[in-house]
Amino acid sequence: MGIIAWILIGLLAGAVAKMLLPGKDPGGIIITMLIGVAGGLLGGWLGKVIFGVDSIDGFFDLSTWIAAIIGSLILLLLYRAFTGNKRTHRHA
């Protein structure tokens, strides 16, 4: 698959991950899209390393999409964990 296909899969996987994990994220839509692209790559790599399957067979293969969505979910959860609500509490 070409880089344009990976970007498209990542953008859509990021949107699906956001729908599965609703809530306000610090960073907005641009960060969510970047997380989706990176998550697609992470999911493909994890599928190959952990399960020994070629999860990046083609654009329309279900395994490609599942791997991309799982990778996006992982990165979105990590992003939320590291950039969570960092408001300081002031007492009057």
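- Within the model, atoms CG of L73 and CG of L42 stand 11.0 Å from one another, a figure rounded to the nearest 0.5 Å.
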Can you give me every donor-acceptor pair (side chain of residues 9-16, partner residue at least two apart or in another chain, under 3.5 Å) with its distance?
none

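- Applying the side-chain contact (heavy atoms from CB on, under 4.5 Å) criterion to L77, with sequence neighbours excluded, gives L21.
- Summarising the geometry of A17 relative to S72, their closest heavy-atom pair is CB-CB, 3.8 Å, with the distance given to 0.1 Å.
- Within the model, atoms CD1 of I69 and CE of M19 stand 8.0 Å from one another, a figure rounded to the nearest 0.5 Å.
- In terms of the side-chain contact (heavy atoms from CB on, under 4.5 Å) criterion, residue partners of L78 (sequence neighbours excluded) are, by chain and number, I74, L75, F82.
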